[in-house]
Amino acid sequence: MVELMRRRGLPWLLLLAALAAPFLMSGYDLNLLARFMAMAILSLGLVLLWGHGGILSLGQGLFFGLGGYAIAMHMKLADLPGGSLPDFMVWTGRTALPGWWAPFASPAFALLAVLLLPALAGALFAWSMVRRRIGGTYFAIITQALALAFATFLISRQEVTGGFNGLTGFQSLFGWQLADQKVGRGLYWLTLALLCLGFIGIRALLASRFGTLLGAMRDGENRMRFLGYDPAPYRMVAFGIAAFLAGLSGALFTLHAGVISPAMVGVVPSIEMVILVAVGGRMSPAGAIFGTIAVCYARDFISSSFPDLWLYLLGALFIAVVTLLPGGLAGLVRQRRA
Amino acid sequence: MTTATADLLLAVDGVTVDYSGFKALDGFSLTLGRRETRVVIGPNGAGKSTLCDCIIGRVRPSAGRILLRGEDITQKPEHAIVGAGICRKFQAPGVLAALSVAQNLALAARRDRRWWKALGTGMSAAEQETVAAVLAEIDLAGRREVLAGTLSHGEKQWLEIGMVVATGAELLLLDEPTAGMGPAETSRTAALIRRLAQSRSVLVIDHDMRFVEELGAQVTVMHQGRFLFQGGIADVRADAQVAQVYLGSHR
Ligand SMILES: Nc1ncnc2c1ncn2[C@@H]1O[C@H](COP(=O)(O)OP(=O)(O)O)[C@@H](O)[C@H]1O
Ligand SMILES: [Mg+2]
């Protein structure tokens with residue numbers, strides 16, 4: 001009984017602690033936590049897509065990047081006195097703003113771009129794949145190639161993308177000064193609120209018939225097809241939702257980190273995103289959130305003391321999870337309870 | 001067989017399936033009336049499963065047509081063929097192991113398959129009714145909430161027959177429904193199929209002669225992708241050509 005109450009109470013206790021964090025932590029630590037929470041929003045999408053849909057995407061960095069760059073472009077333009085160019089464009093000798101940059105000056109356009117662009121791009125890409133019944137390893141490799149192509153484009157078109165250094169040096173968002181402690185706290189709470197909403201939404205979706213059907217199409221694609229289901233639209237929607245969450249995650253991450261660059265959207269970060277979820281438990285939204293935050297803290301700690309070690313450790317961690325703990329941390333908790 | 005056009009449900013018309021030179025079906029034809037039960041037999045490799053594959057759109061024939069109620073369905077997408085009223089039970093049971101018996105039937109019983117209609121929870125009244133009726137029919141009402149993966153082999157076969165029925169299909173294709181069953185289970189399956197056949201058309205594939213006898217239906221014999229013989233079970237038993245094909249394949 002006490003055990004049951006403890007279990008029931010734990011999520012609320014954690015939520016309370018998370019809400020109070022701005023009063024308990026230094027600004028630096030709060031900023032770190034906020035970044036990791038933003039990453040956890042992306043992980044929720046992978047629980048739906050990979051865990052329950054059985055569709056492995058090694059290209060979530062692309063959608064993360066679309067969201068991140070959309071908000072970053074807006075902030076670069078908003079900070080400028082009218083008519084002048086972002087700093088990196090001046091350095092690379094550009095004399096005019098590219099046409100596709102211009103609409104991002106509008107806050108409404110930038111916000112819509114964050115919310116719609118990754119989702120639509122994801123849904124469109126997924127439709128072109130699942131319609132032709134491309135799945136499994138081929139699908140994963142193609143998503144990987146997408147992330148690679150995106151990062152390569154960003155690096156090679158430095159005069160319009162900021163190149164290898166990405167976009168950075170933001171001052172304000174929608175008129176709020178980012179350096180202001182109050183704004184930092186507000187963005188932290190916003191991130192927490194969106195993470196909670198994402199968690200509730202994904203749980204509800206998984207509990208709905210949509211979740212059941214998506215899982216059934218993963219386990220028995222043939223049976224479902226010959227019961228009269230076409231898996232393609234279901235998979236497209238799952239991919240679109242995962243891309244939407246990745247875009248949101250990228251935008252929030254960019255706000256907290258103060259930078260978005262190719263190094264955060266390419267092949268390695270895309271694979272890292274999958275490992276975060278594998279460690280936490282790809283079937284479990286709660287597991288994915290905790291796995292993501294825990295591994296991100298570990299990375300921060302290890303890569304600041306031993307920068308070269310992290311990727312090896314990450315690889316080893318992945319192998320350990322896949323071979324010893326297929327359900328991730330969430331699977332371990334479930335075993336303990338059973 | 002002389003089936004009046006009005007009563008004709010399915011017509012397989014000169015269908016050929018070519019696996020890089022090897023013809024699994026070779027100009028095969030068959031017609032099936034409304035509410036007719038037909039048994040298809042033939043030695044291993046005769047092309048019986050391939051025939052089912054063609055009808056449900058899993059394999060596309062290189063020649064010939066398949067008509068349902070006179071409409072050509074040969075090139076329709078798989079889900080549209082199910083929507084038109086044909087559903088198949090595969091040789092190896094394909095129930096969804098991680099879902100309960102009732103959930104398995106519920107997803108077969110859904111009529112509206114558009115994704116945004118799946119965002120709710122629970123079942124509609126009509127789905128609940130179908131699930132309850134099918135559960136009673138396949139005699140698994142007592143195992144409603146059990147995970148399908150934990151059912152015995154025979155129960156899985158019945159559940160999958162139930163799923164095929166729950167789609168509301170007018171034509172059931174049952175590919176070796178008694179595979180792996182003992183004599184008692186086989187008899188129960190025959191009784192189940194006879195009950196189901198009262199209100200729909202059924203095409204059954206099997207080799208078990210006692211089971212075929214219990215079904216009491218017309219038998220079509222296939223050999224090497226071609227039509228060999230058709231008639232009652234007694235005629236089949238008496239036919240010298242059929243006997244030779246079966247003896248030849250049991251060397
Ligand atoms: N995908 C395939 N590729 C090549 N040959 C196949 C394929 N599927 C079936 N066959 C061959 O077609 C023939 C008919 O198979 P099948 O329809 O399964 O026979 P039955 O169900 O009557 O035992 C067999 O000889 C089999 O080996
Ligand atoms: Mg067969």
Side-chain angles (χ1 to χ4, degrees), chain A residues 48-49 51-55 119 122-123 126-127 130-133 135 200-242 244 281-284 326-327 331 334 338, chain B residues 52-53 55-58 76-100 102-124 127 148-149 156 159-160 162-169 173 175:
Chain A
L48 174 73
L49 182 67
H52 292 264
I55 303 160
W127 183 245
V130 296
R131 196 170 47 106
R132 299 194 184 93
R133 302 194 187 166
I200 292 166
I202 288 294
R203 290 239 315 196
L205 195 62
L206 292 178
S208 75
R209 288 176 295 201
F210 183 90
T212 309
L213 291 172
L214 197 64
M217 288 164 188
R218 172 201 60 205
D219 294 339
E221 169 161 4
N222 220 23
R223 184 60 279 180
M224 292 300 281
R225 201 183 286 287
F226 295 107
L227 281 175
Y229 285 93
D230 181 4
Y234 288 83
R235 291 179 171 157
M236 174 194 70
V237 170
F239 198 96
I241 293 172
F244 166 79
R282 63 181 163 139
M283 303 304 286
S284 158
R334 217 170 288 133
Chain B
C52 291
D53 286 338
I55 297 172
I56 62 168
R58 190 180 186 204
K76 274 199 175 187
E78 299 91 329
H79 61 93
I81 294 175
V82 180
I86 303 179
C87 197
R88 171 191 188 178
K89 186 208 148 321
F90 286 87
Q91 216 168 314
V95 298
L96 295 150
L99 300 181
S100 73
Q103 281 178 309
N104 267 278
L105 292 172
L107 55 84
R110 281 182 69 73
R111 289 296 170 266
D112 194 334
R113 268 81 189 278
R114 290 172 296 182
W115 65 266
W116 61 91
K117 295 285 184 179
L119 294 176
T121 54
M123 287 184 239
S124 75
E127 281 161 30
K156 280 183 194 160
L159 175 56
E160 202 182 356
M163 290 163 75
V164 167
V165 171
T167 62
L173 307 183
D175 195 350

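Letters A, B, ... mirror the listed sequences (proteins, then strands); counts begin at 1.
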Original post:
Which bit of B:R114 comes within less than 4.5 Å of chain A, counting heavy atoms only: side chain, backbone, both or neither?
Top reply: backbone

Original post:
Which of the residues B:A108, B:G83, B:C87, B:G120 is involved in the greatest number of heavy-atom pairs with chain A at under 4.5 angstrom?
Top reply: B:G120

**OP:** Pick one of side chain, backbone, both or neither for B:L99, based on which atoms fall under 4.5 Å of a heavy atom in chain A.
**Re:** side chain

**OP:** Please name the pair of heavy atoms, one in B:G94 and one in A:R223, separated by the smallest distance, quoted to 0.1 Å.
**Re:** O-CG, 3.0 Å

Subject >> Euclidean distance, A:R225 CZ relative to B:I81 CD1, rounded to 0.5 Å >> reply: 12.0 Å

Original post:
What pair of heavy atoms forms the shortest contact from B:A118 to A:S208, and how long is it?
Top reply: O-OG, 3.7 Å

**OP:** Check the pair B:R113 / A:L213 against side-chain contact (heavy atoms from CB on, under 4.5 Å), numbers first and verdict last.
**Re:** CA-CA 10 Å; B:R113 268 81 189 278; A:L213 291 172; over 6 Å; no

**OP:** Measure distances from B:A98 to the heavy atoms of chain A and classify the residue's part below 4.5 Å as side chain, backbone, both or neither.
**Re:** side chain

Subject >> Pairs of heavy atoms under 4.5 Å with chain A: top-ranked of B:E160, B:R58, B:Q103 >> reply: B:R58

Subject >> Atom group of B:I56 that falls short of 4.5 Å from chain A, counting heavy atoms >> reply: both

Original post:
Looking at A:A204, A:A216, A:P233, which one has more heavy-atom pairs under 4.5 Å with chain B than the rest?
Top reply: A:A216

Original post:
What are the two closest non-hydrogen atoms of A:Y229 and B:L107, and how far apart are they?
Top reply: OH-O, 2.6 Å

Original post:
Are any side-chain N or O atoms of A:R209 and backbone N or O atoms of B:K117, one a donor and one an acceptor, separated by less than 3.5 Å?
Top reply: yes

**OP:** Identify which of A:Y234, A:F226, A:F210 forms the greatest number of heavy-atom pairs closer than 4.5 Å to chain B.
**Re:** A:F226

Subject >> Interatomic distance, A:M224 atom CE to B:M163 atom CE [nearest 0.5 angstrom] >> reply: 7.5 Å

Original post:
If you tally heavy-atom pairs under 4.5 Å against chain A, which of B:K89, B:H79, B:R88, B:M123 wins?
Top reply: B:H79

Subject >> Which portion of A:L227 sits near chain B, non-hydrogen atoms under 4.5 angstrom >> reply: both

